[in-house]
Amino acid sequence: MIKKRPADEVKDIPGETGSTEAQRVLRRYWGFDRFRPLQEAVITSVMAGVDTLALMPTGGGKSLCYQVPAMMLPGLCLVISPLIALMKDQVENLRRKGITAFAIDSGLKRYEVIKTLKTAVESNCKFLYVSPERLETALFKEYLPALDVRLIAVDEAHCIAQWGHDFRPPYLRIAALREELPAVPVLALTASATRDVEQEICSKLSFRGEKIFRQSFERPNLSYSVFAEEAKINRLLTILRNVPGSSIVYCRSRRQTRQITEQLQSYGIVADFYHAGLPADIRNSRQEAWIQNRVRVIACTNAFGMGIDKPDVRTVIHLDLPDGLENYYQEAGRAGRDKDKAYAVLLYRQADLEELKKQPGIRFPDIAQIKKIYGAIAAYLQLPAGHGAGNYYDFDLADFNRRFNLKMAETIPVLKVLEQEGLLSFNEQVFIPVRLQFTCTRETLSVFQRDFPGHNPLVKLLLRSYEGIFDMPVPIYEKQLAGWLKTGVDEVKASLQRLHAHGIVSYEPLKETPQLYFLQDRVQSGDLTINREAYSARKLIFEKRNRAFIAYTQNEKDCRSVSIGNYFGDMEMMPCGICDNCLNQKKNKLSSGEFASAMLKVEEVMHNGPVTTSDLLLALTAIHGERAGRLIDYLAAEKKIRVNADGLVTRY
């Protein structure tokens, strides 16, 4: 049993009189002297027992808003998160600080869930991370009363909004959890949500007397730019040569990440690529090399970046258009978290815009196509009707598409629809560790050790290192075993396979292939039911988001930061002065001399009454050249002249 920490351990720290308890906790466990903007206000609300929604941009320190109060409260904080990799990172980070934390994700087997829940109940566990799919299982409900939950934190809370950009049906069932824990406050956290999504979050989580905290979407050190660029690689190279430091380059496809990396390397830039299809150890090593600045540029899909705390990213460059401002804002916001000057650059071709305009039809296929691909999935898995609920299946998406003559652009949207209908979930980044159990008797094992002494070092190490390995499958770590035995990982794997072949152990190798998890039993394709009303409504919302992002891309006048802030309901932002549009406005701003000269010419040309824009443009061009057209726009904006629909110019 893990030793319990005294409940008041953090309250009396010598030399810290005058600090609040929250500040003492922050300093002791996280080493910070002060909170970031909004964090302390959110913590105060949570400690008062108020249901709270915190909207804090990427890198704003959302996790501390529940971690600090949890350390001040008795019992534990239940954290609901859809991101398995992020859950694992958070647990590891907390444990390094001496804080007891566990995670129950959708990849754990039943005996592992039981073991984790028992340990959480019997120890001084402060944080239990749970995927939303686990909440309604009978097993979780059985242990819930004993967990002493004092705070519920809902991460990525926009997933509960059916009209949000990443709706996940299991989130809708969080409200049922509140019926079991009526006195426990809820803290919902998200980096990006429109005002409509905010209200839906509060409603779906059954908030009572809620408080909503919104951090400004202003990033005064981050310069946004958008460029129409046919030769994207040339512009990319120019940016990287002009702006030193770490960079993320977002690409739409896995193939493109490799191609861009090879091109950058050919120009002497230290780069690597990352996507969800790479093995976990390679993803981890490449991510770590980039974090430690051994690799300058990481070319990646949007699978990269979530939960990564690297403050010194100088540029985030998108070579393809995301499907909405929500995704773009989060990804671009990974630049400049250290408050130093940074750049978010979006590159596009006209063909990219045309492709983006087609996305509503692609992302929302007709019902017949959904049923066809659902039937193909069942055939690929050889899954009969009435079976599948609660089970994982290896799902090689590329192989599936080849066998059924489908394209990735056809399959992915259907998988998303089936997820949103609560039928199944598709996870490209499943990491299920190696599991091993001794399946022979101890007498048989003794005979085996006598007859095959070469296996003894490994057998003894397994028995000594993993408690309960005779009773149930336990996770083992081949790299760690190799280190202890001073041998190679491949040799350890071969030895484990030989033990398995002899019937001594049951050896389940690492599973990190993409997985399909069936939430409901498979039905006949003809009986598949789609909620057409909700489906149509989601399509309309997607179309609205799509139009908003296209407008952002094509907008050459308004401040980029203001445009983003206004989209999310922040109407108080001032122009940033450093985005491409603000810089162009400064460049094109009239001097007092130019303004006076232009007005004199207007008075001269319009002496006898209204003129056409062509006549005025001709007169101004003689003096001001290419700036004449901008002069007319400026004078109209300043209400010195009026231009009607027929192009006739009059004075105000």
Practice task
With salt bridge (Lys or Arg N to Asp or Glu O under 4.0 Å) as the test, would you mind laying out the steps for Arg27 and Asp33 before giving the verdict?
Solution key: CA-CA 6 Å; Arg27 192 174 297 116; Asp33 290 325; 3.4 Å; yes
Problem - Atom pair CG (Leu415) and CG (Leu397), whose distance is rounded to the nearest 0.5 Å - result: 6.5 Å
Fill in the blank from the handout: Interatomic distance, OG1@Thr194 vs NZ@Lys544, rounded to 0.5 Å, equals 7.0 Å
Handout entry: Candidate pair Arg34 and Gln23, rule side chain to side chain donor-acceptor pair (under 3.5 Å), full reasoning
Key = CA-CA 7 Å; Arg34 61 180 62 88; Gln23 288 170 329; over 6 Å; no
Exercise for the section: With sequence neighbours excluded, tell me which residues meet salt bridge (Lys or Arg N to Asp or Glu O under 4.0 Å) with Arg349. Expected result: Glu230
Exercise for the section: Sequence neighbours left out, what pairs pass salt bridge (Lys or Arg N to Asp or Glu O under 4.0 Å) with at least one residue falling in residues 264-279? Expected result: Asp272-Arg286
Exercise for the section: May I ask you to check whether Glu326 and Tyr567 show a side-chain donor-acceptor distance below 3.5 Å? Expected result: yes
Problem - Sole residue of Val50, Thr52, Val186 in side-chain contact (heavy atoms from CB on, under 4.5 Å) with Phe207 - result: Val186
Exercise for the section: Would you check if there is a donor-acceptor pair between the side chains of Glu543 and Gln359 at a distance under 3.5 Å? Expected result: no
Handout entry: Residues that Glu288 engages under side chain to side chain donor-acceptor pair (under 3.5 Å), provided they are two or more places apart
Key = Gln292
Completion exercise
Taken in chain and number order and not counting sequence neighbours, the residues that satisfy side chain to side chain donor-acceptor pair (under 3.5 Å) with Asp338 are Arg314
Practice task
Take the angle between the ring planes of Tyr129 and Tyr66 and call it parallel below 30°, perpendicular above 60°, tilted in between.
Solution key: perpendicular
Problem - Backbone N/O of Lys407 and side chain of Glu410: donor-acceptor pair under 3.5 Å - result: yes
Problem - Distance (rounded to the nearest 0.5 Å) between Arg337 CZ and Leu222 CG - result: 11.0 Å
Completion exercise
Applying side chain to side chain contact (heavy atoms under 4.5 Å, CB included) to Glu262 and not counting sequence neighbours gives Arg258
Fill in the blank from the handout: CD of Glu355 to OH of Tyr348, rounded to nearest 0.5 Å, is 15.5 Å
Practice task
Kindly determine whether Tyr250 and Arg334 satisfy side chain to side chain donor-acceptor pair (under 3.5 Å), including the steps that lead there.
Solution key: CA-CA 12 Å; Tyr250 279 109; Arg334 291 175 183 135; 2.8 Å; yes
Handout entry: Considering all heavy atoms, the nearest Asn401-Thr411 contact
Key = OD1-OG1, 2.5 Å
Exercise for the section: Ignoring hydrogens and angles, state whether a donor on the side chain of Asp558 or Ser563 is under 3.5 Å from an acceptor on the partner side chain. Expected result: no
Practice task
Report yes or no: do Arg219 and Tyr329 form a side-chain donor-acceptor pair below 3.5 Å?
Solution key: no
Handout entry: Sequence neighbours excluded - salt bridge (Lys or Arg N to Asp or Glu O under 4.0 Å) pairs with any residue from residues 239-251
Key = none
Exercise for the section: Could you check whether the rings of Tyr274 and Phe304 sit parallel, tilted or perpendicular, using 30° and 60° as the cut-offs? Expected result: perpendicular
Completion exercise
Ser225 meets the side chain to side chain contact (heavy atoms under 4.5 Å, CB included) criterion, sequence neighbours left out, with Ser223, Phe227, Asp580
Problem - Heavy-atom closest contact (Ala193 atom, Leu55 atom, distance) - result: CB-CD2, 3.6 Å
Problem - CG on Leu53 to NE2 on His158, rounded to 0.5 Å - result: 12.0 Å
Exercise for the section: Just jot down the side chain to side chain donor-acceptor pair (under 3.5 Å) partners of Asp352, sequence neighbours excluded, or say none. Expected result: Lys232
Practice task
State, without any angle test, whether Asn93 and Lys88 hold a side-chain donor-acceptor pair at a distance under 3.5 Å.
Solution key: no
Exercise for the section: For Asp394 and Gln515, test the side chains for any donor-to-acceptor distance below 3.5 angstrom and give the result as yes or no. Expected result: yes
Problem - Heavy-atom side-chain proximity of Ser246 to Asn293 below 4.5 angstrom - result: yes
Exercise for the section: Output yes when a side-chain donor or acceptor of Arg95 lies under 3.5 Å from a complementary backbone atom of Ala101, and no otherwise. Expected result: yes
Practice task
Quick one: sort the Phe395 and Phe426 rings into parallel, tilted or perpendicular, breaks at 30° and 60°.
Solution key: perpendicular
Exercise for the section: Could you tell me which residues satisfy salt bridge (Lys or Arg N to Asp or Glu O under 4.0 Å) with Arg235, sequence neighbours excluded, listed by chain and number? Expected result: Glu229
Practice task
With sequence neighbours left out, write down each residue that passes side chain to side chain donor-acceptor pair (under 3.5 Å) with Gln350, or none if nothing qualifies.
Solution key: Glu354
Exercise for the section: Give the minimum heavy-atom separation between Asp340 and Asn221, together with the two atoms involved. Expected result: O-ND2, 2.7 Å
Exercise for the section: Please name all residues satisfying salt bridge (Lys or Arg N to Asp or Glu O under 4.0 Å) with Asp323, sequence neighbours left out, ordered by chain then number. Expected result: Arg363, Arg545
Practice task
Could you please spell out the steps behind the side chain to side chain donor-acceptor pair (under 3.5 Å) verdict for Lys358 and Asn546?
Solution key: CA-CA 10 Å; Lys358 297 176 185 176; Asn546 185 271; over 6 Å; no
Problem - Ile298 CD1 to Ile260 CD1 distance, which is reported to the nearest 0.5 Å - result: 13.5 Å
Exercise for the section: Kindly write out the residues that satisfy salt bridge (Lys or Arg N to Asp or Glu O under 4.0 Å) with Arg195, not counting sequence neighbours, or none if the list is empty. Expected result: Glu198
Practice task
State, to 0.1 Å, how close Gly61 and Arg36 come at their nearest heavy-atom pair, and which atoms those are.
Solution key: N-NH1, 3.4 Å
Handout entry: Minimum heavy-atom distance Thr301-Arg252, with the two atoms named
Key = CG2-O, 4.4 Å
Exercise for the section: Identify the heavy atoms of Cys125 and Leu76 that sit nearest to each other, and give their distance. Expected result: O-CB, 3.2 Å
